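Atoms considered below: every heavy atom in the structure, side chains included; atoms not considered: hydrogens, waters and symmetry mates. Numbers here simply count residues along the sequence, with the first being 1. Computed from a predicted structure; not experimentally measured.
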Amino acid sequence: MTNSRSWIGTLAVAVVAAWIPTVGLPQAAQRLAPAKPTVTILATGGTIAGAQPKPGEAGYKAGSFSVESLISAVPGMEKIAAVKGEQIASIGSQDMNDAVWIKLARRVNELQKDPTVDGIVITHGTDTLEETGYFLDLVVKGDKPVVLVGSMRPATAISADGPMNLYNGTAVAVDPAAKGRGALIVLNDDIHYAREATKTNSTSLQTFASPNRGRAGIVLFGKASFYSPPVPKHGSGSAFAGIVPDALPKVFIVYAHANVGPEFVDAALAAGAKGIVLAGVGDGNGTDPLIQALSAAAKKGVVVVRSTRVGSGTVARNVELDDDKLGFVAAMELNPPKARVLLQQALTRTKDVAQIQKYFDEY
């Protein structure tokens with residue numbers, strides 16, 4: 001009798017389960033379906049939002065389309081996440097500036113605290129994308145994914161790459177494995193750590209590379225696969241995380257080349273430089289007149305960081321030049337634009353060369 005009742009109970013459950021789809025399916029499905037992750041897309045302009053004057057022309061105006069237009073141009077993204085957009089700026093990334101950085105960073109930090117947001121995507125031009133990404137890597141506090149995407153072709157071009165990059169970037173932003181990895185850059189199926197990535201080609205879709213430590217991973221049709229985790233300090237582990245000042249110190253990059261003199265250093269000092277980054281030849285070197293001018297600036301309290309224009313490699317302390325004697329900081333793996341970003345942040349805390357060298361060793 002017990003077995004009979006048990007069987008009848010099981011049958012009754014089965015009948016009810018079979019009946020639910022025919023009665024009130026939308027309400028039942030709505031109650032049972034898991035909520036989609038939420039992503040906020042912050043748009044800054046760039047080629048990804050660019051428009052050509054005429055179809056097929058090489059030239060275009062960056063930042064021509066709104067964030068809503070970018071979202072609507074990506075079929076299937078609504079299956080990945082519930083997406084909303086905000087327009088932070090509408091500029092080409094060659095015009096990126098401290099004011100936009102500060103606005104963007106503060107908004108990202110607000111979204112990090114928002115319990116209704118799971119991930120953040122930033123659309124950006126490729127020219128200075130690596131600089132913005134590294135800035136956010138230093139000042140954003142929280143482990144929610146922050147993903148920067150761009151494109152090499154404008155939105156109106158044949159085979160525009162923006163929609164796929166935005167689709168994949170959104171997929172990475174909702175991937176649990178992306179949490180706590182700092183700012184990421186997603187283009188052309190590759191995932192890069194913002195600290196590592198650099199633009200290497202003026203026109204190719206495969207322009208971003210991470211020459212020193214390699215890619216963070218790949219993302220194919222919305223499915224991400226990560227490789228090794230980031231080692232340098234970033235995100236919430238950064239001393240600068242969650243603190244976005246109202247203004248950033250003036251730091252200039254001086255480019256070394258054959259026969260260069262002290263003129264660039266003189267100009268930087270006249271413009272009120274608090275720091276100077278040397279984009280040096282080879283292992284962070286330059287002509288004697290240039291090095292002597294930089295050393296004189298360092299003795300006056302301007303922080304000088306040696307980097308290299310080569311594109312990859314490490315500029316280590318007291319190799320090639322005597323940094324202790326000259327009063328310089330060695331950039332280690334950071335290229336000149338990223339060395340400038342870190343030096344700006346360091347100068348908000350200290351002018352002590354030894355402490356700033358420690359930042360470059362750890363970040």
Side-chain angles (χ1 to χ4, degrees), residues 41-50 60-64 67 70 87-108 120-140 146-155 161-162 165-166 169 182-188 190 192-211 234 240 244 247-255 275-277 279 305 307-309 311-312 331 333-345 363:
I41 297 177
L42 305 177
T44 66
T47 302
I48 192 170
Y60 60 91
K61 181 181 179 182
S64 297
V67 64
L70 296 181
Q87 199 76 41
I88 299 295
S90 297
I91 58 176
S93 70
Q94 71 276 3
D95 288 321
M96 189 54 64
N97 55 68
D98 291 354
V100 176
W101 271 4
I102 291 166
K103 180 181 179 181
L104 179 62
R106 287 177 172 170
R107 184 59 182 137
V108 173
I120 302 151
V121 173
I122 298 162
T123 61
H124 197 289
T126 57
D127 287 347
T128 57
L129 189 151
E130 63 192 86
E131 295 168 64
T132 299
Y134 187 49
F135 172 68
L136 294 174
D137 201 54
L138 296 174
V139 302
V140 169
V146 177
V147 181
L148 292 91
V149 301
S151 74
M152 292 299 290
R153 294 172 181 162
D161 53 321
N165 290 337
L166 185 53
L184 301 168
I185 291 173
V186 172
L187 269 91
N188 209 34
D190 285 340
H192 299 273
Y193 293 117
R195 179 194 185 272
E196 308 301 331
T198 188
K199 186 174 181 177
T200 65
N201 192 286
S202 60
T203 57
S204 172
L205 299 188
Q206 192 62 20
T207 185
F208 276 90
S210 295
H234 62 279
F240 317 105
V244 184
L248 297 172
K250 280 190 176 182
V251 176
F252 295 95
I253 299 174
V254 170
Y255 195 89
I276 297 174
V277 174
V305 176
S307 182
T308 176
R309 71 181 199 181
S312 63
E333 295 176 9
L334 294 181
N335 65 17
K338 289 178 185 170
R340 175 182 173 272
V341 172
L342 181 55
L343 182 54
Q344 281 186 308
Q345 290 303 305
Y363 292 77

Between His192 and Phe208, how do the two ring planes meet: parallel, tilted or perpendicular, split at 30° and 60°?
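The arrangement is tilted - the two ring planes meet at 30° to 60°.
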Identify whether the distance between the nearest side-chain nitrogen and carboxylate oxygen of Glu333 and Lys338 falls below 4.0 Å.
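Looking at Glu333 and Lys338, the cut-off is not met.
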Drop me the distance from [X]'s [atom1] to [Y]'s [atom2], to the nearest 0.5 angstrom.
X: His124; Y: Leu136; atom1: NE2; atom2: CG; result: 8.0 Å
X: Leu343; Y: Phe252; atom1: CG; atom2: CZ; result: 12.0 Å
X: Thr198; Y: Leu334; atom1: OG1; atom2: CG; result: 11.0 Å
X: His234; Y: Asp137; atom1: NE2; atom2: CG; result: 6.5 Å
X: Ile276; Y: Lys250; atom1: CD1; atom2: NZ; result: 12.5 Å
X: Ile122; Y: Ile41; atom1: CD1; atom2: CD1; result: 11.0 Å

Please lay out, stage by stage, how Asn335 and Tyr134 fare under the test side chain to side chain contact (heavy atoms under 4.5 Å, CB included).
CA-CA 11 Å; Asn335 65 17; Tyr134 187 49; over 6 Å; no
Are any of the side-chain heavy atoms of [X] and [Y] separated by less than 4.5 Å?
X: Asp95; Y: Asn97; answer: no
X: Thr128; Y: Lys199; answer: no
X: Arg340; Y: Val305; answer: no
X: Gln344; Y: Phe135; answer: no

How close do [X] and [Y] get, heavy atom to heavy atom, and via which atoms?
X: Leu70; Y: Ile48; result: CD2-O, 3.3 Å
X: Val244; Y: Ala105; result: CG2-CB, 3.9 Å
X: Thr207; Y: Met152; result: CG2-SD, 3.6 Å
X: Pro211; Y: Ser312; result: CB-CB, 3.7 Å
X: Val67; Y: Gln87; result: N-OE1, 2.9 Å
X: Ser307; Y: Val277; result: CB-CG1, 4.2 Å

Hey, is the main chain of Arg153 close enough, under 3.5 Å, to the side chain of Asp161 for a donor-acceptor pair?
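Checked: pair present.
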Residues Asp127, Met96; criterion side chain to side chain contact (heavy atoms under 4.5 Å, CB included); working and verdict
CA-CA 9 Å; Asp127 287 347; Met96 189 54 64; over 6 Å; no
For the pair Trp101 and Thr44, evaluate side chain to side chain contact (heavy atoms under 4.5 Å, CB included) and give the outcome as yes or no after the intermediate values.
CA-CA 10 Å; Trp101 271 4; Thr44 66; over 6 Å; no
Taking Thr132 as the fixed residue, which of Leu148, Ile185, Val100 is the one that meets the side chain to side chain contact (heavy atoms under 4.5 Å, CB included) rule?
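Of Leu148, Ile185, Val100, side chain to side chain contact (heavy atoms under 4.5 Å, CB included) with Thr132 is met by Leu148 alone.
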Within the 3.5 Å criterion, strictly below it, is a donor on Tyr60 or Thr47 matched to an acceptor on the partner's side chain?
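Side chains of Tyr60 and Thr47: pair found under 3.5 Å.
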